[in-house]
Amino acid sequence: MTITLQDVAGILGLPTDGIVVTGSTSEDWPAACGAVFGVVPQANEFHHSGDLRISFLDRLYTRWTDHAGDHDVEIYFTKVHIARMLGCWLLADKSGGSNFGCRLVPLLGGGFDEIDRFSWGSAVLSHLFRNLCELTDVGRSDMGVCHILLQIWAWIRFPPIAPPFPPHPEPGTLYGFR
C-alpha cells in the first residue's frame with residue numbers, strides 16, 4: 001500500500017498530468033528571482049546550498065498591503081505566495097521549509113496559465129518518495145515533505161488512527177479541505 005497520484009489529486013487537488021516539474025541548477029539566480037518576484041535578493045538571502053531563504057519571500061510578502069491595487073505588483077506578490085506554498089508546504093525541504101529550491105523559480109516566471117500546466121502533484125509525490133527513501137538512513141532524523149498529504153492519506157487508509165469526529169465537507173470536496 002502506498003500513496004498514488006490518484007491520492008495526491010484527491011487529497012490536495014493538484015494536477016497530476018502536464019509538464020514535468022524540473023529545472024536547471026546553473027542559472028543566474030539573483031536575476032531569475034528579480035524577474036519573477038520583482039526584487040533581486042542579496043547574496044546573504046541564499047542558503048549555502050544555493051536555495052533561496054523563505055525569509056526573503058516572507059519579507060516581500062509582508063509588504064503586500066503597501067501595493068494593493070497595483071496590478072503588476074499584485075502579480076509579483078501572487079508568485080511570492082505560490083513560491084511560499086511550494087517551499088513551506090508542498091515541496092518543503094528537510095530544514096522545515098526554510099528554503100525554496102531556486103530550480104523552481106523559472107517555472108513561476110510565465111503567466112498563471114503556464115504555472116497551471118505543470119504536474120505539481122507528480123512533483124509532490126516524487127518529493128515525498130525521495131524523502132521517505134532517504135529517511136531509511138540510520139543517521140537521518142528529519143524529513144521534508146508535504147506532511148498534510150501523508151497525514152490525511154494515513155487517516156483515509158487507516159481509519160483507527162483518524163480523529164474521532166472528522167469534519168464532513170460538502171459532497172465532492174477534496175479531502176484536504178476538510
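Not measured: the values here are computed from a predicted model. We count residues from 1, following the sequence as given. Both backbone and side-chain heavy atoms feed into the values below; hydrogens, waters and symmetry mates do not.
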K.L.:
Going from CG on L149 to CD on Q151, what distance comes out if it is rounded to the nearest 0.5 angstrom?
P.N.:
10.5 Å
K.L.:
Starting at CG of L104, measure out to CD1 of I115 and round the result to the nearest 0.5 Å.
P.N.:
11.0 Å
K.L.:
Begin with the C-alpha distance, continue with both residues' side-chain angles, and end with the deciding distance and a verdict on side chain to side chain contact (heavy atoms under 4.5 Å, CB included) for L12 and I148.
P.N.:
CA-CA 9 Å; L12 299 177; I148 195 73; 4.2 Å; yes
K.L.:
How far does CZ of R53 sit from CZ of R59, to the nearest 0.5 angstrom?
P.N.:
9.5 Å
K.L.:
F112 and Y76: same hydrophobic cluster, using ILVMFWY side-chain contacts below 4.5 Å?
P.N.:
no
K.L.:
Rounded at 0.5 Å granularity, tell me how far SG in C146 sits from CG in L91.
P.N.:
8.5 Å
K.L.:
For residues V145 and F158: do they belong to one hydrophobic cluster (side chain heavy atoms under 4.5 Å, members Ile, Leu, Val, Met, Phe, Trp, Tyr)?
P.N.:
yes
K.L.:
Can you name the closest pair of heavy atoms from C88 and I54 and give their distance?
P.N.:
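Looks like SG-CG2, 3.6 Å.
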K.L.:
With clusters defined by side-chain heavy atoms of hydrophobic residues (ILVMFWY) lying less than 4.5 Å apart, directly or transitively, does L132 cluster with I156?
P.N.:
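The answer is yes; both residues are in one hydrophobic cluster.
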K.L.:
Given 3.5 Å as the limit, does a donor-acceptor pair link the side chain of K79 with the main chain of G110, or not?
P.N.:
yes
K.L.:
So, the side chain of N131 versus the backbone of H127: is there a donor-acceptor pair under 3.5 Å, distance only?
P.N.:
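Checking the backbone N and O of H127 against the side chain of N131, a donor-acceptor pair under 3.5 Å is found.
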K.L.:
Looking only at heavy atoms, which two atoms of V21 and A123 are closest? And how far apart?
P.N.:
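Result for this residue pair: CB-CB, 3.7 Å.
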K.L.:
For F129 and E134, what are the C-alpha separation, side-chain angles and deciding distance, and is it a side chain to side chain contact (heavy atoms under 4.5 Å, CB included)?
P.N.:
CA-CA 9 Å; F129 285 160; E134 289 176 356; over 6 Å; no
K.L.:
Nearest 0.5 Å please: distance from the CZ atom of F46 over to the SG atom of C33.
P.N.:
4.5 Å
K.L.:
Dump the intermediate steps for side chain to side chain contact (heavy atoms under 4.5 Å, CB included) on T16 and W120, then the final yes or no.
P.N.:
CA-CA 6 Å; T16 56; W120 294 107; over 6 Å; no
K.L.:
Show, in sequence, the C-alpha distance, side-chain angles and deciding distance for D17 and S119, and conclude whether the side chain to side chain contact (heavy atoms under 4.5 Å, CB included) test is met.
P.N.:
CA-CA 5 Å; D17 58 344; S119 178; 5.6 Å; no
K.L.:
How far apart are the closest heavy atoms of L57 and V80, and which atoms are they?
P.N.:
O-CG1, 3.5 Å
K.L.:
Over all heavy atoms of both residues, which pair between F37 and F56 is shortest? Give the atoms and the distance, please.
P.N.:
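Scanning both residues, the minimum pair turns out to be CD1-CE2, 4.3 Å.
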K.L.:
If I compare all heavy atoms of M1 with all of W153, which pair ends up nearest, and what's the gap?
P.N.:
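The answer is CG-CZ2, 3.7 Å.
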K.L.:
Rounded to the nearest 0.5 Å, what's the gap from CG on L60 to NE2 on H81? Could you check?
P.N.:
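It comes to 14.0 Å.
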K.L.:
Can you check salt bridge (Lys or Arg N to Asp or Glu O under 4.0 Å) on R157 and D7, steps first, answer last?
P.N.:
CA-CA 10 Å; R157 300 292 182 211; D7 293 322; 2.6 Å; yes
K.L.:
With the 4.5 Å side-chain cut-off for hydrophobic clustering, are F100 and M85 part of the same group?
P.N.:
no
K.L.:
Counting C-beta onward and ignoring hydrogens, is there a side-chain heavy-atom pair between W155 and P160 closer than 4.5 Å?
P.N.:
no
K.L.:
Please find the pair of heavy atoms, one from P41 and one from P30, that lie closest to each other, and give the distance.
P.N.:
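Taking every non-hydrogen atom into account, CD-O, 3.8 Å.
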K.L.:
Would you say L107 ends up clustered with V20 if hydrophobic residues are merged whenever their side chains have heavy atoms under 4.5 Å apart, either directly or through other cluster members?
P.N.:
no
K.L.:
Would you check if L108 and L86 make a side-chain contact, meaning some heavy-atom pair closer than 4.5 Å?
P.N.:
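In contact.
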K.L.:
A side-chain contact here means heavy atoms from C-beta on lying under 4.5 Å apart; do D58 and R84 qualify?
P.N.:
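The answer is yes, as the side chains (C-beta and beyond) meet within the 4.5 Å cut-off.
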